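Notes follow once the structure below has been shown.
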Amino acid sequence: MDKLVDTAVALVEENRLQQATQVLQQGIELLASTFPDRPELSELHNQAALLLLFGGQHEEAAKHAQQALEITQRFFGPAHPLTGHRLLRLGTIRVAAGQLQEAQPLLAAATDMLSKQAEDPSLSEGLFYLHVLAVAAADSPQEVAASTAGLQDSFKHMLATLGAESMIVRLALAAHSKQVGVALDGSLALGEAAFKQHISLQELQDVGSAELGLTLYQLATTYYAHDMLQDAGPALQRGSALLRAHYPAEHDLVQLCKHRLGMVCAAGRDYRSATLLLGETLQHYRQQQQGHPLAHEAELGLAMARVKGLDPRMPKADRDAAVGEALQQMRAALAGMATALGAEHLLVIGGSRYLAQLAVMTGHAAPQGS
């Protein structure tokens with residue numbers, strides 16, 4: 001059995017997750033047919049569940065985790081520490097699958113069992129997931145923040161015992177990341193609190209990681225779409241610096257940061273920087289795909305920058321004509337974005353907000369009721 005597990009681990013290290021899972025499943029079939037009453041079967045099922053969970057195959061992972069739990073309970077009893085480990089794995093799979101109500105009693109029972117063992121490294125994993133459930137149940141930013149210390153403490157212990165690149169550590173961080181999206185669907189305030197909490201966990205894992213840079217970009221984009229430009233700028237600058245440290249200038253993520261910075265400048269007062277940055281990203285996205293939504297957004301930002309860059313000494317008729325043309329270009333760009341992304345997409349809603357603001361600022365807002 002040790003050879004099977006070692007082979008699977010080696011395949012995982014080579015990023016051959018599917019082959020690693022197949023090796024374990026073949027081992028399970030062979031052992032079950034030859035020695036059907038061996039407790040070692042539970043560990044093979046447990047390892048298969050972990051690999052399937054990492055591969056996003058939650059239903060199959062849960063089947064193996066359930067079998068691992070049943071075999072362990074049969075051989076060692078319901079209160080044995082190994083049973084706690086099996087309950088923990090099944091609970092983490094339920095969290096990943098979004099089955100939070102089913103996960104809670106499994107995780108609570110697991111942590112209760114594991115807390116009776118001196119320095120069991122899996123206890124911190126169980127506690128981390130219980131704090132993730134608390135974040136999921138939070139109704140206010142204050143309730144989200146109340147879980148931060150517990151999350152950080154358990155995550156630090158996981159990092160110390162398992163290492164930053166451990167599959168279990170990465171799965172735990174992904175589980176929390178999923179709740180960031182759920183919180184953001186609830187409200188901007190909840191989402192912002194969960195974003196900041198997630199960033200604090202990523203900083204514990206690796207303060208210079210590209211993954212942290214991407215999260216900062218996502219937070220900055222959320223700020224941009226909600227007209228929080230003063231908050232968007234610092235998050236974007238830090239995220240951009242991290243991504244540039246990992247990727248060349250032409251990489252999509254670096255271009256994405258450049259593009260968002262251009263949109264922040266366009267929505268603010270720096271129309272010169274906006275024109276330069278968005279002119280470059282417009283070409284980048286046009287070359288990638290006809291009708292690319294970010295090419296349309298660059299058109300939106302460039303039109304916005306043109307209005308803000310108009311000479312105030314222009315004759316009123318000329319200025320009105322230029323503004324009217326730019327606003328029409330913005331509407332066309334928004335229509336292209338909505339076609340590609342959907343009318344309810346964060347960037348479409350944000351762009352519509354800036355169009356409405358600019359129309360009011362220039363005296364081109366449609367009369368009420370029209």
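Remember, it's a predicted structure, so these values are computed and weren't measured experimentally. Only heavy atoms go into these numbers, but all of them, side chains included; no hydrogens, no water, no symmetry mates.
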task = Check the angle between the aromatic planes of His80 and Phe76 and answer parallel, tilted or perpendicular using the 30° and 60° thresholds.
result = tilted

Pair Gln283, Gln287: side-chain N/O donor-acceptor within cut-off below 3.5 Å = no

query = Counting only N and O atoms by type, is there a donor-acceptor contact under 3.5 Å from the side chain of His226 to the main-chain atoms of Met228?
reply = no

Under 3.5 Å donor-acceptor, Thr83 side chain and Leu69 backbone = no

ask   = Is there a path of hydrophobic side-chain contacts, each under 4.5 Å between heavy atoms of I, L, V, M, F, W or Y residues, that connects Ile168 with Leu87?
value = no

inquiry  = Just by distance, no angles: are the side chains of Ser166 and Arg170 close enough, under 3.5 Å, to form a donor-acceptor pair?
reply    = no

key: Min side-chain heavy-atom separation Thr221-Leu347 under 4.5 Å   = yes

message = So Leu358 and Met304, do their side chains get closer than 4.5 Å, heavy atoms only?
response = yes

message = Does Thr275 form a side chain to side chain donor-acceptor pair (under 3.5 Å) with Arg272? I'd like the steps, not just the answer.
response = CA-CA 5 Å; Thr275 301; Arg272 291 186 178 88; over 6 Å; no

query = Any donor and acceptor pair, going by atom type alone, linking the side chain of Thr339 with main-chain N or O of Ala335 inside 3.5 Å?
reply = yes

request  = Could you pull out the closest heavy-atom pair between Ala274 and Leu302, with the gap in Å?
outcome  = O-CD2, 4.2 Å

message = Check whether Tyr224 forms a cation-pi arrangement with Arg260 (NZ or CZ under 6.0 Å from the six-membered ring centre, at most 45° off the ring normal).
response = yes

key: His345 side chain to Ala340 backbone, donor-acceptor under 3.5 Å   = no

message = Measuring only between side-chain heavy atoms, which start at C-beta, is Gln202 closer than 4.5 Å to Asp206?
response = no

inquiry  = I'd like to know if the side chain of Glu325 reaches the main chain of Ala321, judged simply by a donor and an acceptor atom lying under 3.5 Å from each other, with no hydrogens or angles considered.
reply    = no

ask   = Between Glu70 and Arg74, does at least one N-O distance fall below 4.0 Å, as a salt bridge requires?
value = no

Short side-chain to backbone donor-acceptor contact, Lys116 and Pro81, under 3.5 Å = no

query = Does the side chain of His131 reach to within under 4.5 Å of the side chain of Ser154, using non-hydrogen atoms?
reply = yes

note = CG (Asp231) and OG1 (Thr222) are apart, to the nearest 0.5 Å, by 11.5 Å

inquiry  = Side chains of Ser147 and Gln197: any donor to acceptor distance under 3.5 Å?
reply    = no

query = Is there a donor in the side chain of Gln179 and an acceptor in the side chain of His176, or the other way round, less than 3.5 Å apart?
reply = no

query = Do His364 side-chain atoms and Thr362 backbone N/O form a donor-acceptor pair below 3.5 Å?
reply = yes

His284 vs His259 side-chain heavy atoms within contact, under 4.5 Å = no

message = Taking the side chain as everything from C-beta on, heavy atoms only, tell me whether Gln255 gets closer than 4.5 Å to Tyr285.
response = yes

ask   = Does one hydrophobic cluster hold both Leu294 and Leu236, with members joined at side-chain heavy-atom distances below 4.5 Å?
value = yes

ask   = Does Arg94 offer a backbone N or O that forms a donor-acceptor pair with the side chain of Glu102 under 3.5 Å?
value = no

task = Find out if a path of hydrophobic residues (ILVMFWY) with successive side-chain heavy-atom gaps under 4.5 Å connects Leu123 to Phe155.
result = yes

task = Determine whether Leu90 and Arg86 make a side-chain contact, defined as any pair of heavy atoms from C-beta on separated by less than 4.5 Å.
result = no

ask   = Are the side chain of Ser352 and the backbone of Val348 linked by a donor-acceptor contact shorter than 3.5 Å?
value = yes

task = Please examine the side chains of Leu127 and Leu151, heavy atoms only from C-beta on, and report whether any two atoms are closer than 4.5 Å.
result = no

query = Does Glu203 pair with Arg238 as a salt bridge, N-O distance under 4.0 Å?
reply = yes

query = Just by distance, do the side chain of Lys308 and the backbone of Ala267 share a donor-acceptor pair under 3.5 Å?
reply = yes

